[in-house]
Protein chains: 2
Amino acid sequence: MATIYEVSKLAGVSLATVSRVLNKNTPVREETRLKVLAAVEKLGYQPNSVAQSLASNRSNSIGIVVPELNGPFFGTLLSDIENRFRQAGKHVIIAAGHSDEKLEKDSIAFLQSRNCDALILHVEAVSDDYLVELMQKKVRFVLINRFVAPLYDRCITLNNQHGGYLATRHILEHGHRHIGYISGPMWKHDADQRYKGHIRALTEFGLEPSEQRFYEGDYHEKSGETGARILLENDPSITALVCANDEMAAGALTAARELGRELPADLSIMGFDNVNFSHYTHPKLTTVNYPVGGMGEMAAQLILKRVYDQKVDAIQTVFEPRVIERCSVGPAPDEA
Amino acid sequence: MATIYEVSKLAGVSLATVSRVLNKNTPVREETRLKVLAAVEKLGYQPNSVAQSLASNRSNSIGIVVPELNGPFFGTLLSDIENRFRQAGKHVIIAAGHSDEKLEKDSIAFLQSRNCDALILHVEAVSDDYLVELMQKKVRFVLINRFVAPLYDRCITLNNQHGGYLATRHILEHGHRHIGYISGPMWKHDADQRYKGHIRALTEFGLEPSEQRFYEGDYHEKSGETGARILLENDPSITALVCANDEMAAGALTAARELGRELPADLSIMGFDNVNFSHYTHPKLTTVNYPVGGMGEMAAQLILKRVYDQKVDAIQTVFEPRVIERCSVGPAPDEA
DNA sequence: CTGTTAGCGCGTTCAT
DNA sequence: ATGAACGCGCTAACAG
């Protein structure tokens, strides 16, 4: 790898001049500019960004922490963030937090130690206090899918509670009155919120939430299958299952079919997230849209604006969910 | 962020000593070691990895280039690689190449400029020559899903041709003789190989490949749908569709159902890759397994061994595909 | 407009 | 066993 020094020698100028033409921040005479460029070209010179970063305390890179690298949800999130930054000439460093407090903190520390100019965090295990401290330490970051009051202006969130409400209301409007609910892990903020929305819809229709009709899953397919089986066997009167995400809904689909239920004639199933496989299922899943893409891009915009002082379109921090009607929800069967 | 200098001052030792206790590479008296550790603890000191990297020409980070960040396939790949490295204390920097020559080269340059100790490349657009040059420049890297002869010992590949062969043979063994094929973009090595395998199976069973029964898709769902529709309308005698990946197979499923075909009674459909949504489809997709996970982990192992001199389990570079039987393939219907 | 110089934070000789 | 000093490759004052 050629260094800036070799370029300066070959171009017959000082090393600072090379830096200047490359960074275009100080006027340079056209003639010498061309000499430098020629030398750069000839040597195939490429600035060492590690050195750049050390010297300038800027890295043009943004760190991202997500719980998992796989899964349809985070895939789209990462992809959209990367796209937005790429077209701004910034780069992205990704770390997986695995919903584990220690790993999340490690990931954040790692990204900081890499001199990231800013972070985008989708973290679940660290406390609100930890995040507030992070802010006080002047770390630049944006939170995705989590709201912490003192950080209100850097939280990109979905109105999860409203989403939970909409899902259940959609079911209620189809006439169902015996409704099972399969939640995510209740210690996760979004799972909690979605469930609160569910309760609100129930109450609005004069129904009582019941222990019997609640199952706490883990957002993975298997737990949807288990949950559906347990709920349906405990209470055969259930005509609809509201699931806190699509993975679990897919599991519920499987369980229901194995129990001989006709879908959606005997049983309606509702998902949440609208991940990209939700229309591969049979019947195609009715679900609540989670605008991941838009939210990822917005996080990127926020950083472009606040950290890099770029002019960007209007910033929006709260996103609204909406029901996506497909084929897994039907009218409630007549009572026998 | 505290620096090593502040630690040394607080511990009352030289800056070099701090470096030594942290890197454990030179004996240090226990007493001073503890003093240093105490200071580190007190200041919450964390080495600046950018500076470390500049000084030592080592970064403990591995760069990865994949075509896309989303999609079930790359998600698992990235995830498994990250896991393996995390438990070895290494970190991962990810870039998307978007199957575009310029972007792939940019990504590689970016990762090099970040001083990555090694790269894992899943690239499709750059030429073999380019990769060979890269090797000659002493860049350390491993290739995934691509075989380049001069780089034979750093290629982790799936026997794609054999996979294509197995897929079609599986169909042939079910009695089908009128078989449509929906390929990936033929300029991609794997698409080409899979198709070659298809031809080989056909030939083995005494069948001629036919223009009429071939459609070149782009590995995305939509093209599977389009392809299936075109093939089935052009040649209604077709009783089975072999698709070069699961996404396109999912599209084909949709098209077939819309054309009123009973699955798998009227029409069998075969996928490839066994991505994680392939059992969400209806009927559940019969497909060829692509051991992504194992291959990603193996790439990591290779680097751990060759770049970091760690002892690892046996290295395997060629992986074998196998048919995963589910429900989308049935016996050929009796000829009318 | 351009060259000189001093760091950025750390690893690593070379002495001691 | 420990400290002083140099250099990694680059940016950012400061002169001129």
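The sequence lines fix the lettering, A, B, ..., with proteins before strands; numbering per chain opens at 1. The model shown is predicted, which means the values in this text are computed figures rather than measured ones.
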Looking only at side-chain N and O atoms, does A:Ser14 come under 4.0 Å of OP1 or OP2 in C:dT2? no
Whole-Å distance, A:Asn57 CG to C:dC10 P, equals 12 Å
Is the phosphate of C:dG11, meaning OP1 or OP2, less than 4.0 Å from a side-chain N or O of B:Tyr5? no
To check you understand the geometry: which heavy-atom pair defines the closest contact between A:Gly293 and A:Asp80, and what is its length? CA-OD2, 2.8 Å
B:Ser56 side chain N/O closer than 4.0 Å to the phosphate oxygens (OP1, OP2) of C:dG11? no
Residue pair B:Gln46 / A:Ser113, side-chain donor-acceptor N/O under 3.5 Å: no
For B:Val18, which contact category applies under a 4.0 Å heavy-atom criterion: base, sugar-phosphate, or nothing? nothing
Close residues, residues 29-44 of chain A, relative to DNA chain D [heavy-atom separation under 4.0 Å]: none
Pick the closest DNA chain D nucleotide for B:Val13 and for A:Gln46 by heavy atoms, then say which residue is nearer the 5' end. B:Val13
Given C:dG11, is OP1 or OP2 found less than 4.0 Å from the side-chain N or O atoms of B:Asn23? yes
Just checking, is any N or O donor in the side chain of B:Tyr290 or B:Asn145 under 3.5 Å from an acceptor N or O on the other one? yes
Determine the contact category for A:Val50: base if any of its heavy atoms lies under 4.0 Å from a base atom, sugar-phosphate if only primed atoms, P, OP1 or OP2 are that close, otherwise nothing. nothing
Approximate separation, where rounding is to 0.5 Å, of A:Ser59 OG and B:Arg114 CZ: 5.5 Å
Among the candidates C:dG9, C:dT12, C:dC1, find the nucleotide nearest to the side-chain atoms of B:Ala16. C:dT12
In whole angstroms, how far is the P atom of C:dG9 from the CD atom of B:Gln52? 13 Å
Please step through side-chain contact (heavy atoms from CB on, under 4.5 Å) for the pair A:Thr317 and A:Cys155, ending with a clear verdict. CA-CA 6 Å; A:Thr317 55; A:Cys155 296; 6.0 Å; no
Check whether any side-chain heavy atom of B:Leu121 sits under 4.5 Å from a side-chain heavy atom of B:Ile108, and report yes or no. yes
What's the verdict on side-chain contact (heavy atoms from CB on, under 4.5 Å) for A:Ile303 and A:Phe85, showing C-alpha distance, side-chain angles and the deciding distance? CA-CA 10 Å; A:Ile303 287 176; A:Phe85 279 128; 4.2 Å; yes
For A:Asn48, which contact category applies under a 4.0 Å heavy-atom criterion: base, sugar-phosphate, or nothing? sugar-phosphate
Gap between atoms CD1 and C1', on B:Ile4 and C:dT12 respectively (whole Å): 12 Å
Distance in angstrom units between B:Arg20 CZ and C:dT13 C1', rounded: 10 Å
Would you please classify the geometry between the A:His122 ring and the A:Phe73 ring as parallel, tilted or perpendicular, with 30° and 60° separating the classes? perpendicular
Distance to the ring centre below 6.0 angstrom and angle to the axis at most 45 degrees; does that hold for B:Lys188 and B:Tyr219? no
Separation of C:dC8 atom P from B:Asn115 atom CG, nearest Å, is 20 Å
Contact boundaries of DNA chain D with chain B (under 4.0 Å, heavy atoms), 5' to 3'? D:dA1 to D:dG9
Separation of C:dG9 P from A:Arg114 CZ (nearest whole Å): 16 Å
Scan side-chain atoms only and decide if A:Asn23 and A:Ser19 contain a donor-acceptor pair under the 3.5 Å cut-off. yes
